[in-house]
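Some notes on the structure that comes next.
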Amino acid sequence: MKLSLPLLLTLGGAAACTNILVTPGASSDHTSQLAYNADSASLYGSLYHYPPTSSSSSTKRDVYDWDSGEYLGHIPESSTTTYNVVGNCNEVGLCIGETTFGGLEDLCEAYPGSIVDYGSLIWITLQRSATAREAIATMDHLMQTYGYASEGESFSIADADEVWINEVIGKGKHELGSVWAAVRIPDGAVSSHANQARITTFDWESPDVMYSADVLSFAKKIGLLDGAVGNRDFSFSDTYDPVTFEGARFCEGRVWSFFSSVMGDDFQTKYVDYATGKNLTNRMPLFVTPPQKISLLDTFSHMRNHFEGSELAFDEDVGSGAFNLPYRWRPLTWSYGDKNYVNERAIGTQQTGWNFVANIRGSLPKPLQAVIWFGADDSATTVRVPIYAAARELPQSFAGRGPQDGVVPPMMKFDVDSAFYVTNLVSNWAYSRWADIYPVVLEKIMVFEQTYLNQLLETDAKIMKLIGVGEKEEAFQVINDFGVKLGDSFTKSWFSFFGELFVRFRDGYDITTNTADPECGCSVGGNGFNHETYARIAEETGDQYLEPSNDGLAGKRWETKSKLKLKSMF
Ligand SMILES: *[C@@H]1O[C@H](CO)[C@@H](O)[C@H](O)[C@H]1NC(C)=O
């Protein structure tokens, strides 16, 4: 039993997400990358900020459940100053993401009194840890001391040198705390996870593997495994989150699409039976080593994937409509007659609340290392804006608090000063005529992201210069100003871009500027539906719309009949 399926079906609730992890040795500029889409229809797109706690003087840290906003209790505040946290990164170059796998139902219900849910686990750990290994130890301490209050999770944990996956599941009604296994992704490799536990067997002796001492014995104790199972045969995923059809098709399919993109056709073919859910034993490796290095902009593009061109592509059948839309409105499953069907679940998806690609640059001083390239809404349709994780001030149009802070976000308030609603304007407009509008949006996204990358590199250099001459305060001001200015100017620009798109694609047309035309200063064009849609209409309606003469001249005759510009009037 997997909880992520009902969660995916009910639209709200726990986030169903996608993570991509790139080790420094696999990247084109020797940096770590951690990409994360936080997918839930009830998640508002805000960038969170946790300033260092020395500025407050509270002795306790309240904990609210990230998904429900429920108050879970409080734990002692750190006795030392905590790190500044922006989004899912901190000021010393540590970033953490996650996807929920749920896992065995028996273990999903939290032990009574458990305080730390998976969201709070991320943010408290970022406040208290400097490296990936330290983060894994901090998480363990928090879960075993205060209890783990969520379902099974795969956490992505990255610093400038190391990238890890830590898979965690609670102990249900049996005990306080959790069991977990963490594997470092070898340098040069990439990994990914998406709502299905992926760590199977592992090397218990390796210095690049960590686990809770009872990860195997607990499974035996509650009768999941036979007492004879040895370390070498123990598989975390097969024990705590066995793959089902849904786990393969809805979840591993997304990993397969990323791995196939970087590994090529042989990989795609080898695992297509698994990704489609037809052969659950043909599991993919935890990580792969791509033949080509991956740039930050490549990862942005992998996060825009909808299975295009693969066996799971869904942008050409009748469900994609007249404009090849690679989206299907929820629910995720449907039935017809006595048969049940699924929609595909792609990386780029409508219900993403916020998304980011974190980039951790080991060659720079700590405060400059982690940059969170943050976007509100769907990762396929939004620009990611770079913000230094050391920033003490955030752009207003992005900044906000969430249920994990005990705050209800402004979901029900439309606001053109909110990055979330502005990006939703553009994405939802693009969904309405994907084949016409999305290419224009994508071109714009790529121009923005390249420009932002150039500006970031220039700003790095400027800050390094200030640090070099001892102007530390000035340097921090630049760190703050960079994100604030970029973020808020993005929101304004993107709203005006929405206006341009709206003018151009209004009413099914493609209306462009033509100063030679005195009537509107415009030219009106448009291509109607795609060919396949006309074919389907013709097949379905027989001669209902057939021209009796069938000479293809009805449009011409009608236009020349009158002096009026019938084309645009009709
Ligand atoms: C499923 O995949 C496994 C592993 O590749 C393979 O040995 C097996 O033959 C496959 N089963 C089917 C029915 O194709």
Side-chain angles (χ1 to χ4, degrees), residues 1-5 8 16 18-21 26 99 101-104 152 154 165 167 169 181 183-186 188-204 206 209 215-216 219 224-226 228-292 302 305 307-314 317 332-333 338-347:
M1 165 70 199
K2 272 190 75 61
L3 271 209
S4 46
L5 172 63
L8 287 164
T18 308
N19 284 188
I20 285 178
L21 301 89
T99 77
F101 62 74
L104 298 177
S154 304
I165 293 181
E167 297 198 322
I169 191 162
V183 174
R184 181 184 169 193
I185 306 307
V190 301
S191 189
S192 176
H193 52 87
N195 310 121
Q196 167 63 53
R198 302 206 60 239
I199 294 177
T200 55
T201 56
F202 51 85
D203 178 359
W204 291 64
S206 166
V209 172
V215 67
L216 170 55
L224 290 175
L225 291 178
D226 187 274
V229 174
N231 288 5
R232 274 214 322 227
D233 296 321
F234 170 69
S235 158
F236 184 93
S237 164
D238 292 300
T239 303
Y240 294 117
D241 184 35
V243 182
T244 56
F245 165 77
E246 294 79 17
R249 185 69 169 257
F250 295 147
C251 306
E252 293 277 80
R254 283 173 275 157
V255 174
W256 170 81
S257 76
F258 167 60
F259 281 1
S260 298
S261 303
V262 295
M263 298 304 288
D265 292 347
D266 289 350
F267 187 98
Q268 180 166 178
T269 307
K270 185 168 174 191
Y271 294 104
V272 69
D273 59 351
Y274 177 65
T276 49
K278 291 174 182 150
N279 183 353
L280 302 183
T281 61
N282 190 22
R283 294 196 68 163
M284 298 180 290
L286 181 62
F287 48 80
V288 294
T289 302
Q292 239 118 48
H302 293 307
N305 184 296
F307 298 116
E308 285 92 345
S310 82
E311 192 140 335
L312 289 181
F314 56 104
D317 65 67
L332 192 56
T333 60
D338 59 357
K339 293 203 172 82
N340 297 301
Y341 299 85
V342 300
N343 288 325
E344 303 299 353
R345 169 58 162 97
I347 293 176

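Just so you know, ligand 1 is whichever comes first in the structure, and atom 1 is the first atom listed for that ligand. Note that these values count all heavy atoms, side chains included, but never hydrogens, waters or copies made by symmetry.
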Minimum side-chain heavy-atom gap Asn19-Ile165 below 4.5 Å: no
Geometric class of the Phe234/Phe236 ring pair [parallel <30°, tilted 30-60°, perpendicular >60°]: perpendicular
For Thr281, the ligand 1 atoms whose distance to one of its heavy atoms is below 4.0 Å: 1 (C), 2 (O), 3 (C)
Heavy-atom closest pair, residues Ala197 and Ser237: O-OG, 3.1 Å
Shortest non-hydrogen contact between Val262 and Pro291, atoms and distance: O-CD, 3.4 Å
Test item: protein heavy atom less than 4.0 Å from atom 7 (O) of ligand 1: no
Closest to atom 4 (C) of ligand 1 among Asn282, Asp273, Leu280 (heavy-atom distance): Asn282
Heavy atom of protein inside 4.0 Å of atom 1 (C) of ligand 1, strictly below: yes
Validation row: Trp256, Tyr274 side chains within 4.5 angstrom (heavy atoms): no
Closest protein heavy atom to atom 11 (N) of ligand 1, given as residue, atom name and distance to 0.1 Å: Asn279 ND2, 2.9 Å
